[in-house]
Amino acid sequence: MTTFELTPVGVGSAETGAACCSPLVTEPMDAGRAEQLAASFKALSDPTRLRLLSIVAKSEGEEACVCDLIEPVGLSQPTVSHHLKILATAGFLERSKRGTWAYYKLVPGALDRMSQLLADG
């Protein structure tokens, strides 16, 4: 029977001086930025919010009235407004009031920034 000597994973050889890990080549994300990004991704993690963002993005002028967003998602006006508020707080939508209705507009570049973060890995 043949016996093998196993070296634990991640342990370098004392004889060769090999490091157990590769060094960082750029600065990692700081805790504050990670919190900010997590909040943005959390806002996008709900299927209803993704649909609302898509509807606003595909609307003329990338802007839509709350009254036009209720029927497509099949939710009540207060629930739709709640989801839109979360997207606005996360920086994806801007809100303006016209009469009794609120209008939401896509923040220029907001989706491009998220896409770039994903591409940069």
Side-chain angles (χ1 to χ4, degrees):
M1 178 172 1
T2 307
T3 59
F4 295 96
E5 186 176 319
L6 299 175
T7 303
V9 175
V11 176
S13 167
E15 295 170 4
T16 64
C20 68
C21 302
S22 299
L24 295 175
V25 294
T26 61
E27 278 295 312
M29 185 182 304
D30 65 42
R33 181 71 176 138
E35 293 270 342
Q36 183 182 24
L37 282 174
S40 294
F41 282 116
K42 186 175 179 181
L44 295 176
S45 70
D46 183 277
T48 298
R49 290 194 283 269
L50 283 175
R51 289 189 66 216
L52 289 168
L53 200 57
S54 174
I55 294 166
V56 172
K58 302 296 181 188
S59 296
E60 186 176 338
E62 296 182 335
E63 181 179 59
C65 176
V66 174
C67 63
D68 295 326
L69 299 171
I70 297 166
E71 190 271 325
V73 294
L75 298 171
S76 68
Q77 183 271 319
T79 302
V80 170
S81 291
H82 168 75
H83 285 296
L84 292 168
K85 181 180 179 184
I86 290 171
L87 289 168
T89 300
F92 294 106
L93 298 175
E94 295 173 339
R95 180 182 185 269
S96 63
K97 185 115 170 148
R98 297 183 203 152
T100 58
W101 290 106
Y103 286 77
Y104 286 86
K105 184 173 180 68
L106 197 61
V107 171
L111 296 178
D112 293 335
R113 284 189 294 277
M114 294 302 287
S115 177
Q116 187 62 45
L117 285 170
L118 292 172
D120 290 344

* Would you say the side chain of Leu87 lies within less than 4.5 Å of the side chain of Val56, judging by non-hydrogen atoms? -> no
* Asked: Can you tell if the side chain of Leu93 reaches within under 4.5 Å of the side chain of Leu52, non-hydrogen atoms only?
  ->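 No - every pair of side-chain heavy atoms lies 4.5 Å or more apart.
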Please answer: with hydrophobic residues joined when any side-chain heavy atoms are less than 4.5 Å apart, are [X] and [Y] in the same cluster?
X: Leu53; Y: Leu84; result: yes
X: Tyr104; Y: Val73; result: yes
X: Val80; Y: Leu106; result: yes

* Partner set under side chain to side chain donor-acceptor pair (under 3.5 Å) for Gln36, not counting sequence neighbours ->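 Side chain to side chain donor-acceptor pair (under 3.5 Å) list for Gln36, sorted by chain: Arg33.
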* Pairs flagged by side-chain hydrogen bond (donor to acceptor under 3.5 Å, both in side chains) wherever residues 51-69 is involved - sequence neighbours left out ->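 For residues 51-69: Glu63-Arg98.
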* Any side-chain hydrogen bond (donor to acceptor under 3.5 Å, both in side chains) pairs touching residues 85-94, not counting sequence neighbours? ->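 Every candidate side-chain hydrogen bond (donor to acceptor under 3.5 Å, both in side chains) pair involving residues 85-94 fails, so no pair, neighbours aside, qualifies.
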* Given side-chain contact (heavy atoms from CB on, under 4.5 Å), test Val107 with Arg113 step by step and report yes or no. => CA-CA 11 Å; Val107 171; Arg113 284 189 294 277; 4.1 Å; yes
Atom pairs and distances, side-chain donor-acceptor, residues 41-48, under 3.5 Å, sequence neighbours left out:
{"unit_1": "Ser45", "atom_1": "OG", "unit_2": "Lys42", "atom_2": "O", "d": "2.7"}
{"unit_1": "Asp46", "atom_1": "OD1", "unit_2": "Thr48", "atom_2": "N", "d": "2.8"}
{"unit_1": "Asp46", "atom_1": "OD1", "unit_2": "Arg49", "atom_2": "N", "d": "3.2"}

* **With Ser76 via side chain to side chain contact (heavy atoms under 4.5 Å, CB included) - residues at least two apart** =>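 If we apply the side chain to side chain contact (heavy atoms under 4.5 Å, CB included) test to Ser76, skipping adjacent residues, the hits are Pro78, Thr79.
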* side chain to side chain contact (heavy atoms under 4.5 Å, CB included) with Gln77: which residues, sequence neighbours excluded? -> Val66, Ile70, Ser81, Trp101
* To do: Check step by step if side-chain contact (heavy atoms from CB on, under 4.5 Å) holds for Leu69 and Leu75.
  => CA-CA 9 Å; Leu69 299 171; Leu75 298 171; over 6 Å; no
* Closest contact, heavy atoms only, Ser40 versus Phe92 -> O-CE1, 3.7 Å
